[in-house]
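Taking it in order: structure first as structure tokens, then the write-up.
The sequence lines fix the lettering, A, B, ..., with proteins before strands; numbering per chain opens at 1. Below, all heavy atoms of this structure are taken into account, side chains as well, without hydrogens, waters or symmetry copies.
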Amino acid sequence: MTGPRLRFAPSPTGFLHVGSARAALYNWLFARQQGGELLLRIEDTDEARDREEWVEGIFEALRWLGLDWDGEPVRQSTRAARHAEAAATLEAAGRTYWCDCTRDAIDQRAHAAGRPPGYDGFCRDRGLGPGEGRAMRFATPTSGATVVHDLIRGEPTFDNAVIDDPIIVRSTGKAMFVLANVVDDIDMAITHVVRGEDHLPTTPKYLLLWEALGGGELPVFAHLPMLVNEKRQKLSKRRDSVAVEEFRAEGFLPEVMVNYLALLGWAPTDGRERLSVDELVREFRLTDVNSSPAFFDLAKLRAFNGDTIRAMAPDDFALAAGPWLSGPLDPRLVPLVQERVVTLAEVAPMVDFIDAEPVIDPASWDKAMAIPAAASVLERAADAYQALDDWQAATLKEALVAVGESLDLNLKRAQAPVRVAVTGRSVGPPLFESLEVLGREVTLRRLQAARARLG
RNA sequence: GCCCCCAUCGUCCAGCGGCCGAGGACGCCGCCCUUUCAAGGCGGUAACACGGGUUCGAAUCCCGUUGGGGGUGCCA
């Protein structure tokens, strides 16, 4: 007995969004845990919307997340002959008919008859043959019921009478999604179909087609809860910015994405939330996945990312942040910055004053320089730093404490003008370590420039 | 309209008939620490949608209501 065979079957119509990534992850976790296989199928049959660049983007995003797959990805577009063959089989078995109804005609008939929208089987018995503007429909049973066996949802049951006859071959001769999907799953010997809940309503058609094609043992289904936005609507590529590639660019860590995504719809029962990939593979249970939709909470993702960054070895952190920086970050500042960022992209703006002249933030300036003694602080700090023997954080701090005392200011207040003068902002890494790295010359120049600016 | 799915703190989860006067995490609030900002420590706020059943006992099972979502394409 071989392991289960799963598939992730995205259509290349955009970036990989987090909902798809979550589906890919759950497929991957289950396959890896069960010693099965995860196949990749690119459903590129929508010429109007598919773009080749998205295909490579999907591969790249999956690789970044650490989700690998078995064998070469299957391009659905290369399987047209098999789809046509399957359609011919169904036609020969008398399970199909040709239809020349336009969408308008269908709608008008429904409206005129006061029936709900949807195809009415108008062409079922017209005996039409293939031809211009004619599509092939699959004749679904008019009685009985079709049951979906779903690991997550139990057994959703659909009356066959309410299942419309789907178009399976377009008038162009190309297979529609349902047919291609079923034929490919049969040929790829898929045993478990793990996908979004949005596919559940079309699953009975899938099942009926599978049986009509003699696909053999039916796959087991697991329809995952949708990922929703703050309005509790299904995440959409257009409306919501949720591309995996974007999170990557913003400096989220791949293991954090995987950890967080895994928890959207599933959790171990002991309450642990920070799980390694190995732990996820070991502990994940498809049957324990929730059935209710989950909101993708950026705040929690950020919390996880910050935690993980802080837990990194400083060298690893510096290495990881590299791509977001123009040059190397002084080792003395690495741990200080590491503790203060949530994403890797936040590193650069935090230390930009080191290598470039500070950009003065007006609000910070106004607040720090508002105290009457600000000018004196800058002057005396410059004097003290000019005379300082030992240019180190500890002595720099001592000297400024003394300056503060001479002006009756505590360090909290005395450091503010210096910080803004040197970094341009009121927030940033610890001041004295920053000055140490900056060096005497630059520090003095910036203190004097700020003093001059004060007038 | 019709079909299907869903329903525990603001959010994500735990709970699978008694251990629940409901637990954890994120968020939020307060306090402590503190050279800014963080981090850290401590404490707090906050939920079983509603109504019927079943049962000695229900957040947990059943039915209904309400609410939300998805589907209903010659898209996938």
Side-chain angles (χ1 to χ4, degrees), chain A residues 9-13 43-46 48-50 76 99 101-103 106 110 114-119 133-137 148 150 152-154 156-159 161-164 166-172 174 176-178 180-181 196-204 223 225-226 228 230-234 260 263-274 288 290-304 306-307 310 336-342 350 364 368 396-397 400-401 404 410-416 418-420 423 425-432:
Chain A
S11 57
T13 56
E43 306 217 321
D44 53 349
T45 52
D46 184 352
R49 297 194 304 151
D50 296 336
Q76 194 164 61
C99 170
C101 297
T102 61
R103 189 71 236 168
I106 294 167
R115 274 187 287 98
Y119 188 65
R134 292 181 183 176
M136 181 190 283
R137 285 186 188 271
V148 180
D150 193 294
I152 296 171
R153 278 155 223 286
T157 302
F158 299 78
D159 273 337
V162 302
I163 302 173
D164 288 349
I167 288 181
I168 55 175
V169 179
R170 298 171 166 94
S171 56
T172 60
K174 295 194 60 169
M176 286 285 288
F177 167 73
V178 261
N181 204 241
E197 190 197 339
D198 46 347
H199 287 287
L200 184 54
T202 60
T203 304
H223 284 99
M226 303 307 301
V228 299
E230 58 290 333
K231 294 169 71 184
R232 305 220 62 92
Q233 294 167 320
K234 165 184 175 179
Y260 180 67
L263 261 27
L264 252 23
W266 174 85
T269 57
D270 62 11
R272 276 174 308 135
E273 291 199 310
R274 306 312 311 276
D288 287 345
N290 297 154
S291 40
S292 47
F295 170 64
F296 185 88
D297 186 4
L298 183 60
K300 186 151 184 172
L301 206 218
R302 286 177 58 81
F304 274 27
D307 278 350
R310 270 175 255 119
L336 303 175
V337 170
Q338 182 174 2
E339 190 172 276
R340 289 170 170 73
V341 295
V342 162
M350 189 169 284
S364 296
L396 287 158
K397 178 180 176 181
L400 193 64
V401 167
N410 58 23
L411 185 54
K412 186 182 175 69
R413 305 193 62 183
Q415 59 90 36
V418 176
R419 176 182 294 280
V420 176
T423 72
R425 289 182 298 260
S426 57
V427 302
L431 180 59
F432 306 108

### Query
Mapping Phe295(A) and Ser171(A) onto RNA chain B by nearest heavy atom, which one lands closer to the 5' end?
Phe295(A)

### Message
Using OP1 and OP2 only, check whether a side-chain N or O of Arg310(A) sits under 4.0 Å from A38(B).
### Response
no

### Query
Taking any strand in view, what nucleotide pairs with A47(B) in a Watson-Crick or G-U wobble way, both distances under 3.5 Å?
none

### Task
Provide the Watson-Crick or G-U wobble partner of C19(B), both distances under 3.5 Å; none if there is no partner.
none

#### Entry: Base C5(B) paired with Ser291(A) side chain (donor-acceptor, <3.5 Å)
no

### Query
Given G27(B), is OP1 or OP2 found less than 4.0 Å from the side-chain N or O atoms of Lys300(A)?
no

### Task
Select base, sugar-phosphate, or nothing to describe what Phe177(A) touches, counting heavy atoms under 4.0 Å on all strands.
base

### Task
Check whether any side-chain heavy atom of Arg153(A) sits under 4.5 Å from a side-chain heavy atom of Glu197(A), and report yes or no.
yes

### Query
For G30(B), what is the paired nucleotide under Watson-Crick or G-U wobble rules, both distances under 3.5 Å?
C42(B)

### Task
Would you check if His199(A) stacks with the base of A76(B), given a 5.5 Å centroid limit and a 30° plane limit, both strict?
yes

#### Entry: Comparing Lys397(A) and Pro156(A) on RNA chain B - which has the more 5′ nearest nucleotide
Pro156(A)

#### Entry: Nucleotide nearest Leu264(A) (side chain, heavy atoms from C-beta), chosen from C12(B), U36(B), A76(B)
C12(B)

### Message
Starting the side chain at C-beta, find the nucleotide from C5(B), G70(B), G10(B) nearest to Glu197(A).
### Response
C5(B)

### Message
Using a heavy-atom cut-off of 4.0 Å across all strands, would you classify Arg153(A) as base, sugar-phosphate, or nothing?
### Response
sugar-phosphate

### Query
Taking only N and O in the side chain of Arg170(A), is any of them less than 4.0 Å away from OP1 or OP2 of A76(B)?
yes

### Counter-base of A7(B), judged by Watson-Crick or G-U geometry with both distances under 3.5 Å
U66(B)

### Task
Record whether the side chain of Glu273(A) comes under 3.5 Å of the base of G24(B) through a donor-acceptor pair of N or O atoms.
yes

### Any side-chain heavy-atom pair of Pro156(A) and Leu200(A) under 4.5 Å
yes

### Heavy-atom side-chain proximity of Asp288(A) to Trp266(A) below 4.5 angstrom
yes

### Query
C6(B) phosphate, OP1 or OP2: any side-chain N/O from Asn290(A) under 4.0 angstrom?
no

### Query
Ignoring hydrogens and geometry, is there a side-chain-to-backbone donor-acceptor pair from Ser11(A) to Thr13(A) under 3.5 Å?
no

### Task
Using a heavy-atom cut-off of under 4.0 Å over every strand shown, decide if Pro117(A) touches base, sugar-phosphate, or nothing.
base

### Query
If you look at every strand shown and take non-hydrogen atoms under 4.0 Å, does Ser292(A) touch a base, only sugar-phosphate, or nothing?
sugar-phosphate

### Query
Is the shortest heavy-atom distance from the side chain of Arg340(A) to the side chain of Pro430(A) under 4.5 Å?
yes

### Query
Taking a pair as Watson-Crick or G-U wobble with both distances under 3.5 Å, which nucleotide is matched to A14(B)?
none

### Message
Any strand counts, and the cut-off is 3.5 Å on both contacts for Watson-Crick or G-U wobble. Which nucleotide pairs with C74(B)?
### Response
none

### Query
Ala299(A) near the nucleic acid: base, sugar-phosphate alone, or nothing, with a heavy-atom cut-off under 4.0 Å?
sugar-phosphate

### Task
Please determine if a side-chain N or O atom of Arg103(A) lies less than 4.0 Å away from the OP1 or OP2 oxygen of C74(B).
yes

### Message
Checking contacts here: which listed nucleotide (C26(B), C75(B), C12(B)) is nearest the side-chain heavy atoms of Ala303(A)?
### Response
C26(B)

### Query
Should Thr45(A) be listed as having a side-chain N or O under 4.0 Å from OP1 or OP2 of C75(B)?
no

### Task
Could you tell me whether Gly404(A) contacts a base, only the sugar-phosphate backbone, or nothing, with contacts defined as non-hydrogen atoms closer than 4.0 Å?
nothing

### Message
Using side-chain contact (heavy atoms from CB on, under 4.5 Å), reason through Leu263(A) and Lys300(A) one step at a time and then give a plain yes or no.
### Response
CA-CA 11 Å; Leu263(A) 261 27; Lys300(A) 186 151 184 172; 5.9 Å; no

### Task
Measure the shortest side-chain to side-chain distance between Cys99(A) and Tyr119(A) over non-hydrogen atoms and say whether it is less than 4.5 angstrom.
yes

### Message
OP1 or OP2 of G71(B) versus the side-chain N and O atoms of Lys234(A): is any pair under 4.0 Å?
### Response
yes

### Sugar-phosphate, base or nothing in reach of Pro225(A), heavy atoms under 4.0 Å
nothing

### Message
Categorize Arg232(A) for me: base, sugar-phosphate, or nothing, with a 4.0 angstrom heavy-atom threshold over every strand shown.
### Response
sugar-phosphate

